Amino acid sequence: MWKQRLNHNCHKEESGRIVKTDIVCNLLRTVIYTTPEDLVPVVYLSANRIAPAHEGLELGIGDASIIKALAEACGRTEQQIRIQYKEKGDLGLVAKASRSSQSMMRKPEPLTIRKVFKTFHLIAKESGKDSQDKKKNHIKSLLVAATDCEPLYIIRLLQTKLRIGYAEQTLLAALGQAAVYTEEHSKPPPEIKSPFEEAAQIVKKVYSVLPDYDKIVAALLSDGVWELPKKCDFTPGVPVGPMLSKATKGVSEILNKFQDVEFTCEYKYDGERAQIHYLENGSVEIYSRNAERNTGKFPDVVAAVSRLKKTTVSSFILDCELVAYDRAKQRILPFQVLSTRARKNVSISDIKVDVCVFAFDLLYLNGQALLQENLRIRREHLYTSFEEESGFFQFATSTTSNDVEEIQKFLDQAIDASCEGLIIKTLHEDATYEPSKRSLNWLKLKKDYMENIGDSLDLVPIGAFHGRGKRTGTGFKEEVLEERSTSLRSKVIPKPKSYYQYGESTNPDVWFEASEVWEVKAADLTISPVYRAAVGKVDSNKGISLRFPRLVRVRPDKAPEQASSSEQVAEMYTAQKHNHNDKQDDDEDD
DNA sequence: AATGTCTGCCC
DNA sequence: ATTCTGC
DNA sequence: GCAGAATGGGCAGACATT
């Protein structure tokens with residue numbers, strides 16, 4: 001009764017989301033008709049997940065462990081596997097090409113979805129001494145039993161990189177469509193014109209407020225897709241997908257998009273997104289942008305919101321940014337400082353980096369969902385539900401204006417206040433909270449999105465790593481990438497020049513002669529434990545690196561000698577608002 | 001006990 | 001995080 | 001415009017190794 005085979009996943013050659021959705025839809029229909037009890041594992045594997053994000057279950061397996069398992073399973077050295085990985089650019093393909101050398105007395109049982117899913121859970125649950133060996137052995141057992149294209153997909157599932165143009169949104173659509181086909185419970189309501197399309201939207205929306213396949217699959221099987229929103233609603237205690245924003249290039253684009261509607265501008269704080277659930281029974285949970293449970297990392301935040309909620313408040317869900325904060329100097333601290341905080345089972349007395357909550361939205365209050373309310377209403381509830389306390393809990397600074405110069409000025413103020421920029425939100429029109437949707441409703445404006453503004457450096461490529469896919473992603477269009485690759489191929493040198501400065505653990509696949517100049521944009525400059533640009537200028541041992549680096553353009557008009565100098569890089573670092581500490585100077589250059 | 005490697009998760 | 005690409 | 005797949009820096013924590 002549980003014979004769904006893993007190689008249902010072998011649809012790499014198909015192109016187009018519609019076709020892929022149909023294929024998965026048919027798989028799901030088959031499972032629903034034949035072995036509905038398998039639908040949960042089928043859906044999880046198909047989503048390339050093992051549990052809801054907020055449950056914190058992780059495989060704890062990466063390329064290194066996979067290479068080790070692969071080497072043992074096919075009787076080869078790790079080095080051989082690594083070389084082949086470089087050739088093929090895909091560990092799954094390496095697995096597929098390797099025949100297991102494990103001598104089996106008997107052919108192992110064929111793999112089933114259930115078996116694979118179960119094994120993934122066993123892998124996730126191994127911990128403590130020798131756990132890495134145990135995880136590796138679980139992987140080997142899967143590889144030994146795998147046939148046809150199964151090794152390929154087992155490895156890719158373990159890497160969480162299916163790379164077949166198929167991911168969560170396609171699964172959700174397929175799930176909705178399959179439910180329409182297999183509807184036994186109720187016909188589509190008469191007002192519904194395109195049931196497949198609408199069923200897909202229903203499942204996506206439900207998943208965005210209740211990201212839990214166990215619950216959704218159970219409800220689909222028992223009551224059907226048209227009842228799904230009633231059975232699976234937003235639930236306090238379970239994280240909602242946080243509303244996201246879209247990048248814009250400048251104030252004029254914003255005025256363009258929000259021509260005749262009222263909007264507000266808020267500081268965009270540089271910290272960690274947090275969704276704080278406070279339930280009637282007094283329990284508190286803090287979730288990250290990606291729905292990870294972070295409660296144990298922020299006991300100070302739990303205390304702050306509990307203390308600063310007004311007495312009329314019995315439950316809430318708060319959307320906010322947690323920002324490192326120096327209470328003595330009343331200053332926001334950089335993200336890099338926040339990231340040094342301890343993460344597990346933190347005691348308030350051990351906290352070394354204080355945090356201020358900057359609150360900007362309220363999704364739930366005293367038993368009532370606010371998601372469907374306009375921002376104006378939600379924000380009023382927010383303001384009346386909490387007491388501000390400097391350095392502990394503050395409302396995000398905001399202003400309401402549609403004047404170009406005022407907004408520009410407000411952006412400058414935000415940057416001066418150590419923020420990344422602004423978030424712009426409508427107050428009435430399209431102003432409901434849309435979980436997970438990268439809708440137009442929220443726009444973000446950062447200096448580094450604006451042309452000719454923000455930090456931009458002229459850099460010389462001196463080393464490179466081989467990519468592992470067909471396309472690449474940090475400012476290189478395919479054509480430019482091809483050009484640069486061709487041009488630099490003739491500049492490859494066997495060893496780095498004696499004057500190159502690089503960390504011991506920096507081992508590029510190829511080194512280049514200094515030959516061309518690239519203009520690179522970044523959001524920030526940071527002190528780096530690995531890179532050595534301008535080493536000694538700002539920190540005696542560490543260099544400077546870029547946050548969110550991307551290629552803007554190649555500068556054929558510039559020679560390597562005209563690239564940004566160490567002095568310039570150090571200056572740019574020091575010029576950043578945060579970095580007005582006092583440090584000494586030293587020697588050297590790039 | 002100290003150091004190194006790997007992983008997950010922030011941005 | 002940002003950016004690019006096929007649909 | 002959506003969805004997916006590429007890509008970046010840097011930190012703590014868990015284990016493994018020395």
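Below, chain A is the first sequence line, B the second, and so on; all start at residue 1. Nothing here was measured: the structure is a model prediction, and the numbers come from that model.
The side chain of Ser131(A) approaches dA16(D) more closely than any other nucleotide in the set dG6(C), dA16(D), dC11(D). For Arg163(A), the side-chain atoms get nearest to dA6(D) when compared with the rest of dA6(D), dG10(D), dA16(D). Listed nucleotides: dG4(D), dT5(C), dT2(C). Nearest to the side chain of Lys446(A): dT2(C). Among the nucleotides dC11(D), dT5(C), dT2(C), the one closest to the side chain of Gln336(A) is dC11(D). Listed nucleotides dC4(C), dT7(D), dA14(D) differ in distance to Lys344(A); the shortest reach to its side chain belongs to dA14(D).
Residues passing the side chain to side chain donor-acceptor pair (under 3.5 Å) test with Asp455(A): none are found, sequence neighbours excluded.
You'll find the side chain of Val323(A) stays beyond 4.5 Å of the side chain of Leu338(A), heavy atoms only.
In this structure, Trp442(A) and Tyr433(A) have perpendicular ring planes: the angle between them is above 60°, well past the 30° mark. Using cut-offs of 30° and 60° on the angle between ring planes, the pair Phe117(A) and Tyr44(A) is parallel.
For the pair Thr474(A) and dA6(D), the criterion of a side-chain N or O lying under 4.0 Å from OP1 or OP2 is not met. Residue Lys542(A) places no side-chain N or O under 4.0 Å from the OP1 or OP2 atom of dG10(D). Applying the 4.0 Å criterion to OP1 and OP2 of dC7(C), one finds that Lys20(A) has every side-chain N and O outside that range. Phosphate proximity of dG10(D) to Thr526(A): present, with a side-chain N or O under 4.0 Å from OP1 or OP2. Between dA3(D) and Tyr166(A), no contact under 4.0 Å exists linking OP1 or OP2 to a side-chain N or O.
In terms of position on DNA chain D, the residue among Lys68(A) and Leu171(A) whose nearest nucleotide sits closer to the 5' end is Leu171(A). Between Arg17(A) and Ala342(A), the residue whose closest nucleotide on DNA chain D is further toward the 5' end is Arg17(A).
The residue Phe465(A) sits apart from the nucleic acid: no heavy atom pair falls under 4.0 Å. Here Leu322(A) lies out of heavy-atom contact (under 4.0 Å) with every strand. Note on Lys129(A): only backbone sugar-phosphate atoms sit closer than 4.0 angstrom, heavy atoms only; bases stay farther off.
Between Tyr207(A) and Asp212(A), the side chains place no donor N or O within less than 3.5 Å of an acceptor N or O (distance only, hydrogens not considered). Residues Glu504(A) and Thr506(A) bring no donor and acceptor atom of their side chains to less than 3.5 Å of each other.
When atom types are taken as modelled, the side chain of Asp539(A) and the backbone of Asn541(A) share a donor-acceptor pair closer than 3.5 angstrom. Lys86(A) places no side-chain N or O within 3.5 Å of a backbone atom of His466(A) that could act as its donor or acceptor partner.
Rounding to whole angstrom units, OH of residue Tyr449(A) and C1' of dT3(C) are separated by 11 Å. Between the CD atom of Glu168(A) and the P atom of dA3(D) there is a distance of 11 Å, rounded to whole Å. With rounding to whole Å, Leu546(A) atom CG is found 13 Å from dT2(C) atom C1'. dA5(D) atom P lies 7 Å from atom CG of Leu162(A), rounded to whole Å. Here the P atom of nucleotide dT2(C) and the CG atom of Asp455(A) are 15 Å apart, to the nearest Å. Distance, Gln169(A) CD to dA5(D) P: 12 Å, rounded to whole Å. Between the CD1 atom of Ile164(A) and the C1' atom of dT5(C) there is a distance of 18 Å, rounded to whole Å. Between the CG atom of Asp524(A) and the P atom of dG8(D) there is a distance of 19 Å, given to the nearest Å.
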**Asked** What string of B, S and - do you get for nucleotides 3-11 of chain B, 5' to 3', when a contact is any protein heavy atom under 4.0 Å?
**Response** ---SSBSSB

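Between dC6(B) and dT3(C), the distance separating the two P atoms is 31 Å to the nearest Å.
Both tests pass for Arg468(A) against the ring of Tyr85(A): distance under 6.0 Å to the centre and angle within 45° of the axis.
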